[in-house]
There are 2 protein chains.
Amino acid sequence: MAENENTNSERSVPDPVLNRIPLYLRIAEDLQGRGVETVSSRKLAQALGLTDGQVRADLVFFGAFGRPGVGYQTQHLVTELRRVVGIDRAQPVVLIGFGSIGRALTMYEGFEKRAFEIVAVFDRDPEKIGRPAGKCVVKDVSTLPEEVARLGVSMAILAVPAEAAQRLADQLADAGVTGLMNFAPAALKLPDHVAVMNVDLMLTLERLSLRMKVANRLKR
Amino acid sequence: MAENENTNSERSVPDPVLNRIPLYLRIAEDLQGRGVETVSSRKLAQALGLTDGQVRADLVFFGAFGRPGVGYQTQHLVTELRRVVGIDRAQPVVLIGFGSIGRALTMYEGFEKRAFEIVAVFDRDPEKIGRPAGKCVVKDVSTLPEEVARLGVSMAILAVPAEAAQRLADQLADAGVTGLMNFAPAALKLPDHVAVMNVDLMLTLERLSLRMKVANRLKR
DNA sequence: CGATGTGAATCGTTTCACAGCC
DNA sequence: GGCTGTGAAACGATTCACATCG
């Protein structure tokens, strides 16, 4: 068995920290790509608009990989954070919904640059089934449960209309998916062991609009 | 120190509250559409997985529109929150970048259902310029500043490669844009009076992956 | 010296309890 | 009785200061 080296799981990690870890990884990767060998918490903080103390406190949640007097070795930081985030090896992902958003995702180059790979695409529309979608061919969504189980995928992207989202999310959870990126404007109800990240474009626009209004108020 | 007689305007609203307000609006709209006339803070809270006290506290930031013993009138709540969010009337938006994401956005029906309207689309690629994009025609991005100024738009969606994002963001800010939804994986530096919402798909996937690994989800 | 890791203090948000209104 | 609005308490996250190590 591949040992799960401890990973401090005793303590629950605050949500804001979970959101920042991938940001640190991105900076570290950028520095590594530019040949920078070490980086201080202060540098990391400046790049992200945070304080150096916060950076150190965040990183310590996942183990102390810095050296006093020196800083963090970018190579080491990248390796460790990739492992922490779970992208130290390729992650297979299934995509459900080949509408405008789904299509854009299959064309998006970012996936391969990072460690994610879309291994199957599903849609309900007979018109779309059989069409090429990136490296895949669109499959009938009715085969979703068996395909997901067969592929052993644990991550899914849901890009379907709101009405269909809950039912498909349930199917995915039943088939063993434990992580879901949801583009549908729906508040999915799922078991606690399934992680969900909602990407709701209209909601985001409204939040932006609200911030613009609030800022205007403060300005007066 | 002079007194501020403006009660709400000077008070800064916590970020988490700003994120939740559009959620309340969505629930209220749904209830209104189903003919429900009043709703309690408890009902709103249950629909979103919050506490009733939190809902009340949040809404009070923007004025007290509830009635003790009764609750909130959905009609009133919708009207007020639409105004608060700034979608009580149509909001013109410009879209920069007609790649896979930009194209998906022009096809997305959600915009018109909500109060946003894409009034101009820009790209750099001569191949794409002149092509239809929703109700618009793709314009040369070199005309961006004058077009934005002419249209008087204050909201923009940036769906271009990371390398081009900062320069275009600067142009947009100079042209009077005060709200920006950014799809590029770049940490934009902009004046404080410009609100930015980042939608970074790879970052979101990494945050999802990290949450799947941590699975520290203790009970509610 | 420079920079980390850490516990203590500070800050802000959420929760609670209750007074007041319907 | 039901429900809001509100100040106070509780909680959690961020900042700070410092001991420690390279």
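So that the names make sense, note that chain A is the first sequence line, chain B the second, and so on, each numbered from 1. Source: prediction; values computed, not measured.
- Rounded to whole Å, atom P of D/dT4 lies 11 Å from atom CG of B/Leu77.
- Here A/Asp52 pairs with A/Arg56 in a salt bridge; the nearest charged N to carboxylate O distance falls below 4.0 Å.
- Distance A/His76 NE2 to C/dA3 P: 19 Å, rounded to the nearest Å.
- For the 3.5 Å distance criterion, the side chains of B/Asp170 and B/Gln166 qualify, holding a donor opposite an acceptor.
- Atom CG in B/Leu59 sits about 8 Å away from atom P in D/dG5, given to the nearest Å.
- Taking 4.0 Å as the cut-off between side-chain N and carboxylate O, B/Asp200 and A/Arg26 count as a salt-bridged pair.
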Please encode protein proximity along nucleotides 11-22 of chain D as a string of B, S and -, counting only heavy-atom distances under 4.0 Å.
--SSS-B---BS
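- For the pair A/Phe65 CZ and C/dA3 C1', the computed distance is 16 Å after rounding to whole Å.
- Look at CD on B/Gln73: it is 14 Å from C1' on D/dT4, rounded to the nearest Å.
- In this structure, B/Arg42 places its CZ atom 16 Å from P of D/dG5, rounding to the nearest Å.
- Dashed line: the shortest gap from a side-chain N or O of A/Ser40 to OP1 or OP2 of C/dA3 is not under 4.0 Å.
- Within the model, atoms CZ of B/Arg114 and CD of B/Glu109 stand 14.0 Å from one another, a figure rounded to the nearest 0.5 Å.
- Between B/Tyr72 and the phosphate of D/dG5, there is a side-chain N or O to OP1/OP2 separation shorter than 4.0 Å.
- When rounded to the nearest whole Å, the span between CG of A/Asp52 and P of C/dG5 equals 12 Å.
- Side chains of A/Thr74 and A/Glu37: no donor on one and acceptor on the other come within 3.5 Å.
- In A/Arg124, the CZ atom is not crowded: 12 or fewer heavy atoms of neighbouring residues, nucleotides or ligands sit closer than 6.0 Å.
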